[in-house]
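Please read the structure below before turning to the comments.
Everything numeric in this text was worked out from a predicted model, so none of it was measured. The analysis underlying the following values was restricted to heavy atoms, covering all of them including side chains, and did not include hydrogens, waters or symmetry mates. Residue numbers start from 1 in every chain, and the chains themselves are labelled A, B, ... in the order their sequence lines are given, proteins ahead of strands.
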There are 2 protein chains.
Amino acid sequence: MSTAEVIPESPQVSDIEEVELITRAAWHYYNDGLTQNQIADMLGLSRIKVSRLLEKGRQTGLIELRINSPFEGCLGLQQDLIGAFGLADARVVPAVEGLAAPPRIGRAAASLLMQQLVPNDLLAIGWGEATSTTLRFMAPVFPQSHISLVSLTGGVSAYIGNTGLYGPQNFAHLIPTPLRVSSPELAEMLRIEPYVHHVLEMAITARTALIGVGSVARSASLVRYGYCTNDEIELFTRRGAVGDLLGHFYDRDGAILDLDLHRHLIAVTPDDMRRIPSVVAAAAGPEKVEAILGLLRGKLANTLVTDEETARDLLRRQT
Amino acid sequence: MSTAEVIPESPQVSDIEEVELITRAAWHYYNDGLTQNQIADMLGLSRIKVSRLLEKGRQTGLIELRINSPFEGCLGLQQDLIGAFGLADARVVPAVEGLAAPPRIGRAAASLLMQQLVPNDLLAIGWGEATSTTLRFMAPVFPQSHISLVSLTGGVSAYIGNTGLYGPQNFAHLIPTPLRVSSPELAEMLRIEPYVHHVLEMAITARTALIGVGSVARSASLVRYGYCTNDEIELFTRRGAVGDLLGHFYDRDGAILDLDLHRHLIAVTPDDMRRIPSVVAAAAGPEKVEAILGLLRGKLANTLVTDEETARDLLRRQT
DNA sequence: CTCGATGCCGATCATATGTTCAATGCAAGA
DNA sequence: TCTTGCATTGAACATATGATCGGCATCGAG
C-alpha cells in the first residue's frame with residue numbers, strides 16, 4: 001500500500017509569525033526562483049528549516065498550486081464529457097495504478113471549487129464520502145477565504161466534524177436533523193421548524209453546490225450510515241433506481257421515483273437543486289457509472305469530477 | 001546582473017497534445033507527488049522530457065502557483081497598509097537585494113488580479129510601465145481565462161503590442177488615439193467619436209481596473225513617452241502636483257488640479273475611476289511615495305501592490 | 001542535391017532537495 | 001528535583017532535478 005492513500009491531516013498554522021516566514025520563503029522560492037540555501041541565508045535560518053517551511057506551506061494550502069486545464073481540450077476526455085452531456089465544466093483525473101482514487105478526486109474537486117468560489121461566497125454541500133473528502137482538501141484554504149458552508153440535507157454533522165472547518169471566519173450552517181426520520185409528519189414538522197427552514201432556504205440561494213452521487217451498490221453510504229437497509233435498496237432497484245441525490249432515488253433517465261422514503265427526508269429537493277447555477281458532482285468507480293449517467297441525463301448536476309476510467313465508461317455507455 | 005531581471009517571454013503552447021501531456025505530468029507531479037522518473041515511465045517519455053514539460057507548464061502559466069497570504073496579517077505590512085489607508089486589499093512583495101523590483105511587483109499584481117477576475121470578466125487597464133509589466137505576467141494565463149481588456153486611456157497601443165495578448169479568446173478594446181492631443185477641441189471630438197466613446201463607456205463598467213502611478217520625477221513615463229515635457233512637470237509641481245492618474249495630476253491630498261492639460265486628454269476621468277469597485281494600483285520606489293500617498297488619500301485607488309521598502313515609507317509618511 | 005541552420009533529444013554531471021537519524025531543548029508529571 | 005515523553009533542530013546521506021553539451025533529424029536556401 002502506498003502512502004498516497006493517506007489524506008493530509010491539514011495541520012493548523014497557528015503562529016502568525018510562522019505564516020509570515022512561510023509566505024516570505026514561498027515568494028522567494030517560487031516567484032523569485034531562489035534556492036532554499038539562498039533563502040536560508042537571507043532569512044537567517046537553516047536550509048533544512050526553509051525546506052520544512054515550504055513543505056508546511058504546501059500542506060496547509062498557504063501555497064496552492066493550480067493547473068489551468070479548463071478550457072480548450074486539455075484532457076480530451078473532459079471536453080468529450082462536456083460535449084456529450086452538455087455540462088458546464090468537467091475534470092477528469094488521470095488514473096494511476098496503485099493510487100487510491102477517492103482522495104485524488106477530492107483534490108480535483110476542491111481545486112475546481114476554489115476556482116469558482118469568491119470570497120464571501122456560500123457553498124452548499126451534500127452528502128457522502130466524496131463531499132467529505134473534498135471538504136477535507138478545502139479545509140486548509142478556508143480560513144483565508146471567507147466562505148460559508150450550508151448543508152443541503154440533514155445528517156451531515158456526522159462527518160463534517162472532522163474536517164476542521166470550524167474557524168472564526170467560516171460559518172457552517174448545518175441542518176441539525178438526521179437525513180431521514182421515521183415518519184412523514186415528523187419530517188414535515190422538522191422542515192418547517194424555523195432554523196431548519198432557514199437553512200434550507202439559504203441552501204437553495206447558494207450559487208454553487210457540491211454533491212456526491214449515491215449508487216445502489218450494497219456498499220452505498222446511505223446503507224453504511226444506517227439511513228437505509230439493503231432490503232430497501234434492493235426494492236428501489238427493482239423499481240428502477242440507479243442512484244440517489246440527497247436521498248432521492250432516480251431512474252436511469254434521472255427522473256425522481258415516487259417513493260415513500262422521499263417524504264421522510266429532510267433535504268433540499270432535486271427540483272430545487274436544478275435552480276442552483278453550479279452543481280458539482282464528484283464521483284468515480286464502476287459501481288457509480290449508472291448513477292452518474294442518470295444524474296447527468298436528468299440534468300441534476302452540471303459539473304462532473306471523476307477519474308479517467310469512469311469517464312471512459314460514461315462515454316461508452318452514454319447511448 | 002542576475003537573471004531575475006529577465007521577464008519570461010511566455011512561449012505559446014501551440015500543440016494541444018502537448019498541453020495534454022503537460023497537464024497529465026503536472027497532475028502526477030504536483031498532486032500525486034510522484035517523481036519525474038515515475039511519470040516518465042508511466043507516460044513512456046524520458047525523464048528529462050518530463051522535466052522540460054513541467055518547466056514549460058510553469059512558464060506558460062498552465063501550472064500556476066499561488067500564495068494565499070491575503071487575510072490575517074501575513075506580511076504584517078499588508079495589514080498595516082489596509083488599515084492605515086482603508087484599502088480593500090494590498091500586497092507587499094518582500095525586498096531582495098539584487099533583484100529588480102518592477103517585475104516582481106508585476107508578478108504580484110498579476111497574481112492578485114487573477115484571483116479577482118472571473119471568466120468573461122473585463123479588466124480595465126491604465127497607463128505606464130507597471131501596467132505593462134503586469135500584463136506581461138498575465139499573458140500566459142489569458143488564453144485560458146476568457147478575459148477581455150479595455151483601455152482607460154488613449155496611447156496604450158504603444159506598449160500593449162508586445163505583451164502577446166492577442167488571442168482568439170481575448171479581446172483588447174483599445175482607445176485608438178494618443179493619450180493627449182494638441183487642443184481641447186480635438187480631444188472633445190475624439191471623445192465623442194463613436195468607437196472611442198464606446199470604449200470609454202465600456203471601461204467604466206469594468207469591475208476591476210489596473211493602473212500605474214505616475215510620479216512627478218524627471219523620469220516619469222509621461223515624459224519618456226513624450227506626452228509631457230519636463231518643464232510642464234516642473235510647473236505642475238509648483239502648483240502642488242505630486243503625481244498623476246491617467247494623465248490627471250493631483251495634489252498631496254489626491255485632489256485633481258485644475259490644469260489646462262486635462263482638457264487635452266482622452267481618458268477616463270478620476271471621478272469615473274472612483275466608481276470602479278476594484279482599482280488596483282501597482283507601484284514602488286522612493287520617487288513614487290508621494291504620488292501613492294496622494295492617490296490613496298484621495299481614494300483614487302483601493303488596492304495597492306508595492307514592495308516592502310515603499311510600504312514602510314508610506315506608513316512612515318502617512319501622517 | 002548539398003549545405004547550413006535550427007530545434008529536439010538524451011547522456012552526463014553538478015547541484016538542490018528531502019529523508020533519516022541522533023542530539024537537544026522543553027514541558028508536564030511524579 | 002528528576003524523569004519521561006514530545007517536539008524541534010541540524011548533520012549526513014541518498015535521491016531527484018535541471019543545466020550543459022554533443023548528436024541527430026528536419027527544414028529551407030542556395
With sequence neighbours excluded, tell me which residues meet salt bridge (charged side-chain N to carboxylate O under 4.0 Å, His left out) with [X].
X	result
A:Glu129	A:Arg224
B:Arg312	B:Glu308
B:Arg52	none

Only counting residues at least two apart or in another chain, list the ones meeting side-chain contact (heavy atoms from CB on, under 4.5 Å) with [X].
X	result
B:Asp41	none
A:Thr208	A:Leu113, A:Gln116, A:Leu117, A:Leu123, A:Ser278
A:Arg58	A:Tyr30, A:Leu54, A:Glu55, A:Ile63

Please name all residues satisfying side chain to side chain donor-acceptor pair (under 3.5 Å) with A:Thr310, sequence neighbours left out, ordered by chain then number.
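By the side chain to side chain donor-acceptor pair (under 3.5 Å) rule, A:Thr310 matches A:Asp307.
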What is the 5' to 3' range of DNA chain D, first to last nucleotide, that sits under 4.0 Å from any heavy atom of chain A?
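Counting from the 5' end, contacts occupy D:dT9 to D:dA12.
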In 5'-to-3' order, the base (B), backbone-only (S) or no-contact (-) status of each nucleotide in nucleotides 6-21 of chain C, using a 4.0 angstrom heavy-atom cut-off, is ---BB-B----BBBB-
